[in-house]
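See structure below.
All values below come from the heavy atoms of this structure, side chains included, with hydrogens, waters and symmetry mates left out. For the single chain, residues carry numbers from 1 onward in sequence order. Predicted model, so just to flag it, every value in this text is computed and none were measured.
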Amino acid sequence: MPIYEYECKACGHRLEKLQKISAAPLTDCPACEQPSLSRLVSAAGFRLAGGGWYETDFKSGSKKNLVGDSAKPSGGSDSGGGATQASESKTSA
């Protein structure tokens with residue numbers, strides 16, 4: 001169940017309420033008892049950050065974007081450099 005945030009337009013009182021999605025919005029302010037509560041739009045209470053199942057489990061092959069990979073050089077340049085050295089040594093010999 002989501003937590004909804006409300007503010008009274010009459011007295012400025014703010015509150016949070018755990019409600020079902022299908023529940024009707026609150027209207028009466030518990031502080032001043034006026035029917036002037038309005039539901040506020042607010043950000044989610046959590047954020048998916050760092051490594052974890054959502055970061056690795058639904059991606060395949062080289063599409064995995066792990067947290068530590070951003071500081072490292074890409075894997076393609078390391079293997080490409082080795083291939084260049086091997087081809088240079090063949091042409092030199």
Kindly list each side-chain donor-acceptor pair under 3.5 angstrom involving residues 6-14, sequence neighbours excluded, with atom names and distances?
| unit_1 | atom_1 | unit_2 | atom_2 | d |
| --- | --- | --- | --- | --- |
| Tyr6 | OH | Gln19 | OE1 | 2.6 |
| Tyr6 | OH | Leu26 | N | 3.2 |
| Tyr6 | OH | Arg39 | NH2 | 3.4 |
| Arg14 | NH2 | Glu5 | OE2 | 3.1 |

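- You'll find the side chain of Leu15 stays beyond 4.5 Å of the side chain of Tyr4, heavy atoms only.
- Chaining together hydrophobic side chains whose heavy atoms lie under 4.5 Å apart places Ile3 alongside Met1, Leu18.
- When hydrophobic clusters are built by joining Ile, Leu, Val, Met, Phe, Trp and Tyr residues whose side-chain heavy atoms come closer than 4.5 Å, directly or via intermediates, Ile21 is grouped together with Leu37.
- In this structure, the side-chain contact (heavy atoms from CB on, under 4.5 Å) partners of Pro35, at least two apart in sequence or on a different chain, are Asp28.
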